Trainee: 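If you scroll down you'll find the structure; I have some questions about it.
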Number of protein chains: 2
Amino acid sequence: MPGRTGLTIGKLAGLSGVNLETIRYYERIGLMPEPGRTEGGHRLYEPAHRQRLAFIRRARELGFGIDGIRALLGLAEPHRRSCEAVRVIVSDHLQDVRTKIADLVRLEAILAGTVERCRDTAMAPSCSVLDLLEAAA
Amino acid sequence: MPGRTGLTIGKLAGLSGVNLETIRYYERIGLMPEPGRTEGGHRLYEPAHRQRLAFIRRARELGFGIDGIRALLGLAEPHRRSCEAVRVIVSDHLQDVRTKIADLVRLEAILAGTVERCRDTAMAPSCSVLDLLEAAA
DNA sequence: CTTGATCCCGTAGTGACTACGGGTTGCAGG
DNA sequence: CCTGCAACCCGTAGTCACTACGGGATCAAG
């Protein structure tokens, strides 16, 4: 009869670096399973929960959306780890990331150009705000 | 007595490439001024509106938030075009963009590595999903 | 047993739209 | 002139991934 194993949600939040409210949110949307409860109704988490939450957090940090994570978790759980399916999800996301980078790099050039011109023409008639107005992005 | 000059909101949407509902949204939040109306209450836009909307669209494409655009518009309008203030807003945003690029590039490396390993180890015991679980982002 | 931290739940707010639905207006063809 | 239908009106709610709030219950230390 050892003490009830289990972390309170606050402890789990502290250990995992995920906001307490966010953990409850993940439970509401079915990303985290419902944990056990104390008699009074407080959640008690076990190591498996902590692992799953860590996985979710990493995946979020890597920019996966909730649906992507759901898919990843679905593939990770059963014995049939279809590596191919995982690869598809990850490389789709990788493509998104690369597209975003390309977009941002173009943006960066435009913005940097604007700032540059702004610095140069200390007393231009109209400031480079007008460039924004004219330039095609 | 020439015809009422003015575009309907639908025409403006078509010309500007901004969704009709988004134009109404911009009006609600005070980004676009209220245009004139027909007797029946339909909006009628003049060239000045079209210009302002084009400015907003470009700025959005460059990743400025609504507040930033509001500030930019505020600086663009009066005679006192304080170029310096504009430069501050734009270069703040530029800094954001650069930070985002750096983040995404790190992400890209991690994801690309995962996909690569996935491709290599055609029959690894556990697929590189576990890498996500282990790797610090 | 009391106190104060922690936890409960449901709801609403964020940014920047987008979608919906039921009713009104505008205009072109007949 | 009148019909029909596209376009417009407005307010509200939904999106994504949380975050914040508030009023009440529970837990653990002293």
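These numbers come from a predicted model, not from an experiment. Hydrogens, waters and symmetry mates play no part in the numbers below; they use all other heavy atoms, side chains included. So that the names make sense, note that chain A is the first sequence line, chain B the second, and so on, each numbered from 1.
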Trainee: Could you give the OH-to-P distance, from Y45(A) to dC8(C), as a whole number of Å?
Mentor: 7 Å
Trainee: Would you indicate, yes or no, if dC8(D) has its OP1 or OP2 atom less than 4.0 angstrom from a side-chain nitrogen or oxygen of T8(B)?
Mentor: yes
Trainee: Between dT14(C) atom C1' and E21(A) atom CD, what is the distance in whole Å?
Mentor: 15 Å
Trainee: Does dC10(D) have its OP1 or OP2 closer than 4.0 Å to a side-chain nitrogen or oxygen of R43(B)?
Mentor: yes
Trainee: Between the base of dG11(D) and the side chain of R28(B), is one N or O donor paired with an acceptor at under 3.5 angstrom?
Mentor: no
Trainee: Would you mind reading off the distance between E39(A) atom CD and dA28(D) atom P, rounded to a whole angstrom?
Mentor: 11 Å
Trainee: Base, sugar-phosphate or nothing for L20(B)? Non-hydrogen atoms, less than 4.0 Å.
Mentor: sugar-phosphate
Trainee: In whole angstrom, what separates I56(B)'s CD1 from dC17(C)'s C1'?
Mentor: 14 Å
Trainee: Do V86(B) and I66(B) sit in the same hydrophobic cluster, where Ile, Leu, Val, Met, Phe, Trp and Tyr count as joined when their side-chain heavy atoms come under 4.5 Å apart?
Mentor: yes
Trainee: Would you indicate what R24(B) reaches in the nucleic acid, counting non-hydrogen atoms under 4.0 angstrom: base, sugar-phosphate, or nothing?
Mentor: base
Trainee: Using only side-chain N and O atoms of T22(B), determine if any of them is under 4.0 Å from OP1 or OP2 of dA16(C).
Mentor: no
Trainee: Is the shortest side-chain N/O distance from R37(A) to OP1 or OP2 of dC9(C) below 4.0 Å?
Mentor: yes
Trainee: Is there a salt bridge (charged side-chain N to carboxylate O under 4.0 Å, His left out) between E34(A) and R43(A)? Walk through the geometry before answering.
Mentor: CA-CA 8 Å; E34(A) 298 188 15; R43(A) 291 170 178 80; over 6 Å; no
Trainee: Does a nitrogen or oxygen in the side chain of T38(A) sit under 4.0 Å from OP1 or OP2 of dT26(D)?
Mentor: no
Trainee: Is F64(A) touching bases, backbone alone, or none of the nucleic acid, heavy atoms closer than 4.0 Å?
Mentor: nothing
Trainee: Taking all non-hydrogen atoms of both residues, which atom of M32(B) and which atom of H49(B) are closest, and how far apart?
Mentor: CE-O, 3.5 Å
Trainee: Quick one: on DNA chain C, does R60(B) or G40(B) contact a more 5' nucleotide (nearest heavy atom)?
Mentor: R60(B)
Trainee: Is any side-chain heavy atom of Q95(B) closer than 4.5 Å to one of T99(B)?
Mentor: yes
Trainee: Does a salt bridge link R106(B) with D103(B), judged by any charged N lying under 4.0 Å from a carboxylate O?
Mentor: yes
Trainee: Please state how far atom CG in N19(A) lies from atom C1' in dC16(D), giving the value in whole angstrom units.
Mentor: 16 Å
Trainee: Mind calculating the distance between OH (Y25(B)) and C1' (dG11(D)) to the nearest angstrom?
Mentor: 16 Å
Trainee: Whole angstrom is fine here: how far is it from CD1 in I23(B) over to C1' in dC17(C)?
Mentor: 13 Å
Trainee: Report the distance from atom CD of E27(B) to atom C1' of dC8(D), rounded to the nearest whole Å.
Mentor: 13 Å
